[in-house]
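The structure under discussion appears below in the form of structure tokens.
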Amino acid sequence: MEIRTRFAPAPTGHLHVGGARTALFNWLLARKSGGSLILRIDDTDRRRSTEESFIGILDTLRWLGLGWDEGPESGGDFGPYRQSERFDLYAAAAGELESGGHAYRCYCTAEELAERRKPALDGSVGGYDGRCRELAAAPAGRSDYVLRFAVPLEGEVTVTDVIRGEVTFDLSTIEDFVIQRADKTPTFSLAGAYDDWAMGITHVVRGEDLLPVTPRQILLSRAFGRSDDPVFAHLPLIVGADRAPLSKRHGDVAVGWYRDAGFVPEALVNYLALLGWGPEGESEILALADLVEQFRLESVSRTPAMFDLKKLDWMNNHYIQSLAPERAVERALPFLRAEGLLDDPPSEREMDVISRALPLVQVRIDRLSEVPQMIGFLLGAPEIDSGSWSKVMAHEWAHGLLTSMVEVLGKLDTWESEPIGDALKGVAAEAGVKARLAFGPLRVAVSGTSIGPPLFESLEILGCDLATERAAIALSLLEAHGPELPDGRWPLGSR
RNA sequence: GCCCCCGUCGUCCAGCGGCCCAGGACGCCGCCCUUUCAAGGCGGUAACGGGGAUUCGAAUUCCCCCGGGGGCACCA
């Protein structure tokens with residue numbers, strides 16, 4: 001039988017990393033088995049659901065490279081795929097449950113329920129006590145009611161979970177839960193169970209937080225007449241550094257944040273796959289195709305996984321390194337633009353500089369957002385970083401060396417990195433200064449900082465005129481102030 | 001309070017009764033390479049929550065304890 005999985009987000013905010021991982025695992029299971037992934041939008045809560053969130057979630061899934069076989073925008077035989085468009089179906093299902101004796105009307109008000117729940121705080125009572133179960137008619141003066149599922153008083157339900165084995169719940173611990181609100185809208189329990197049945201979902205893969213609620217789904221699903229329970233798989237939670245479930249408290253949980261921070265989707269997907277699962281081989285660098293090949297739902301871990309930004313950075317660096325030059329440029333452009341380093345549209349010179357400089361820094365950055373600080377000095381006049389300045393200019397030979405370097409560069413007849421390097425190395429050797437120290441002053445003089453792409457290549461891209469102009473500015477600053485620049489901004493020229 | 005899940009290096013993942021004085025990855029430390037910073041190469045640090053039981057033998061099985069987490073809404 002074909003495997004049908006689903007990812008069913010509630011459009012009440014941004015897609016966050018936990019949701020993205022759930023989507024990924026569902027996607028992997030579908031792809032691996034040759035089955036289908038259904039994207040269903042669980043927007044039964046009309047108050048909290050927004051169109052903006054809906055669109056954002058779709059965009060984010062696409063950015064991650066996780067497409068769906070059935071769902072919004074792609075259609076399918078089991079639609080519609082937004083629960084808000086299926087309310088009539090749920091109402092009919094609820095009606096049948098009621099007439100079949102599986103559900104009953106409860107007239108208790110929210111206030112009454114809250115009042116009765118209070119004692120539960122000190123442990124004396126559980127949830128709803130089922131008092132409306134045997135009601136023959138509506139109590140006087142009451143017309144509003146919710147529909148509750150009549151949970152059998154005795155027996156147990158066993159959830160078969162691929163990851164956790166069989167988990168058994170005693171029915172006496174499950175209260176008669178609400179399946180339809182007073183306004184006749186369905187609750188998550190009803191709509192979810194109904195759709196998983198009606199859409200032919202065979203595998204329900206979701207977060208561990210839904211495990212305690214699974215017996216409800218099974219009960220409902222059987223009441224609908226579904227003969228076989230779906231296969232469940234409850235993924236371990238993703239937690240923050242404090243071991244608490246990842247939430248906005250931990251700062252950056254929205255996938256969109258990672259996109260904006262300069263992470264590439266390949267890296268994020270690869271990293272997410274490693275949260276709760278691991279390959280058998282030793283390499284953890286796995287493209288989607290590799291993941292499809294190696295992934296096994298059965299081998300997903302049961303332990304909560306901590307989100308480790310350091311490892312994500314490492315992985316992102318790896319993927320940025322392996323980006324083809326044109327791809328790297330394409331992806332870096334938005335970050336350069338955001339820093340105001342480019343004309344709109346970028347000039348020919350700018351594009352030339354970027355495409356020459358980017359390959360030099362791909363290996364040196366963890367995130368695309370670092371591109372501007374890395375190559376910005378090639379696009380416009382940088383300001384001197386005083387820390388870098390004092391470090392490299394403190395040597396007594398700094399001034400002399402810088403002077404000779406400028407002189408030598410001016411005599412070059414081919415402005416290419418190799419002759420530039422040879423000439424500069426010659427100057428350093430002559431002065432008897434070790435290479436690792438000798439180029440510091442010139443580097444800061446042309447780029448403003450001691451961190452950046454290789455110097456000789458940088459000089460080539462910068463061009464002779466700009467390089468010597470900046471070096472001259474640096475020289476005069478050195479003469480005027482020495483290695484300690486007064487507080488303030490010290491731009492290296494105006495272009 | 002009640003129900004449920006979980007517990008191996010700082011972190012993620014291996015380990016399914018002997019191959020484990022526990023393996024890989026990230027991080028960290030050191031060395032090498034080196035025009036900065038990275039990257040890369042090599043090496044190192046570091047863990048089976050505690051107690052019982054079963055067994056010739058337990059990280060691996062069972063029980064108890066401890067610890068962490070989830071759920072108990074007219075949210076999903």
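Each chain gets a letter, A, B and so on, in the order its sequence line appears, and its residues count up from 1.
- Straight-line distance from the CG atom of A:Leu424 to the P atom of B:rU36: 14 Å, rounded to whole Å.
- Ring geometry for A:Trp397 versus A:His395: interplanar angle under 30°, hence parallel rather than tilted (30 to 60°).
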Tabulate protein N/O versus nucleotide N/O from nucleotides 4-14 of chain B, keeping only pairs under 3.5 Å, one per line.
residue: B:rC5; atom: O2'; partner: A:Arg164; partner atom: NH1; Å: 2.6
residue: B:rC5; atom: O2'; partner: A:Glu208; partner atom: OE2; Å: 3.4
residue: B:rC12; atom: OP1; partner: A:Arg243; partner atom: NH2; Å: 2.8
residue: B:rC12; atom: OP1; partner: A:Met306; partner atom: N; Å: 3.3
residue: B:rC12; atom: O2'; partner: A:Leu274; partner atom: O; Å: 2.6
residue: B:rC13; atom: OP1; partner: A:Gly276; partner atom: N; Å: 3.3
residue: B:rC13; atom: OP1; partner: A:Ser301; partner atom: OG; Å: 3.4
residue: B:rA14; atom: OP1; partner: A:Ser299; partner atom: O; Å: 3.1

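- Protein atom CZ of A:Arg443 is 7 Å distant from nucleotide atom P of B:rU36, rounded to whole Å.
- Partners of A:Asp308 according to the side-chain contact (heavy atoms from CB on, under 4.5 Å) rule, which considers only residues two or more places apart in sequence or in another chain, are A:Tyr271, A:Lys310, A:Lys311.
- Annotation: cation-pi pair A:Arg105/A:Tyr107 absent, no NZ/CZ under 6.0 Å from the ring centroid and within 45° of its normal.
- Interatomic distance, A:Leu409 CG to A:Trp415 CH2, rounded to the nearest 0.5 Å: 4.5 Å.
- Comparing B:rC13 with B:rC9, their C1' atoms are spaced 12 Å from each other, to the whole Å.
- Comparing the C1' positions of B:rC33 and B:rG43 gives an interatomic distance of 15 Å, to the nearest angstrom.
- In this entry the distance linking CG of A:Asp313 with P of B:rA38 reads 14 Å, nearest Å.
- If you take CZ of A:Arg47 and P of B:rA76, they are 10 Å apart, rounded to a whole angstrom.
- The backbone N or O of A:Ala261 sits less than 3.5 Å from a side-chain atom of A:Ser369, completing a donor-acceptor pair.
- A cation-pi arrangement is present between A:Arg82 and A:Phe54 under the rule of less than 6.0 angstrom and at most 45 degrees off the ring axis.
- Residues from residues 11-26 of chain A that place a heavy atom under 4.0 Å from any atom of RNA chain B: there are none.
- Rounding to whole angstrom units, CD1 of residue A:Ile174 and P of B:rA73 are separated by 13 Å.
- Separating the C1' atom of B:rG10 from that of B:rC28 is a span of 9 Å, rounded to the nearest Å.
- To the nearest whole angstrom, the two P atoms, one in B:rA47 and one in B:rC37, are 33 Å apart.
- Counting to the nearest Å, the P atom of B:rG27 and the CE atom of A:Met315 are 11 Å from each other.
- B:rC48 and B:rG15 are spaced 10 Å apart, taking the C1' atom of each and rounding to whole Å.
- When atom types are taken as modelled, the side chain of A:Ser53 and the backbone of A:Thr12 share a donor-acceptor pair closer than 3.5 angstrom.
- Phosphate proximity of B:rA25 to A:Ser283: absent, as no side-chain N or O sits under 4.0 Å from OP1 or OP2.
- Across the protein-nucleic acid pair, A:Asp209 atom CG and B:rG69 atom P stand 15 Å apart, rounded to whole Å.
- Distance A:Leu368 CG to B:rA38 C1': 16 Å, rounded to the nearest Å.
- In the displayed structure, A:Arg46 atom CZ is contacted under 6.0 Å by more than 12 heavy atoms of other residues, nucleotides or ligands.
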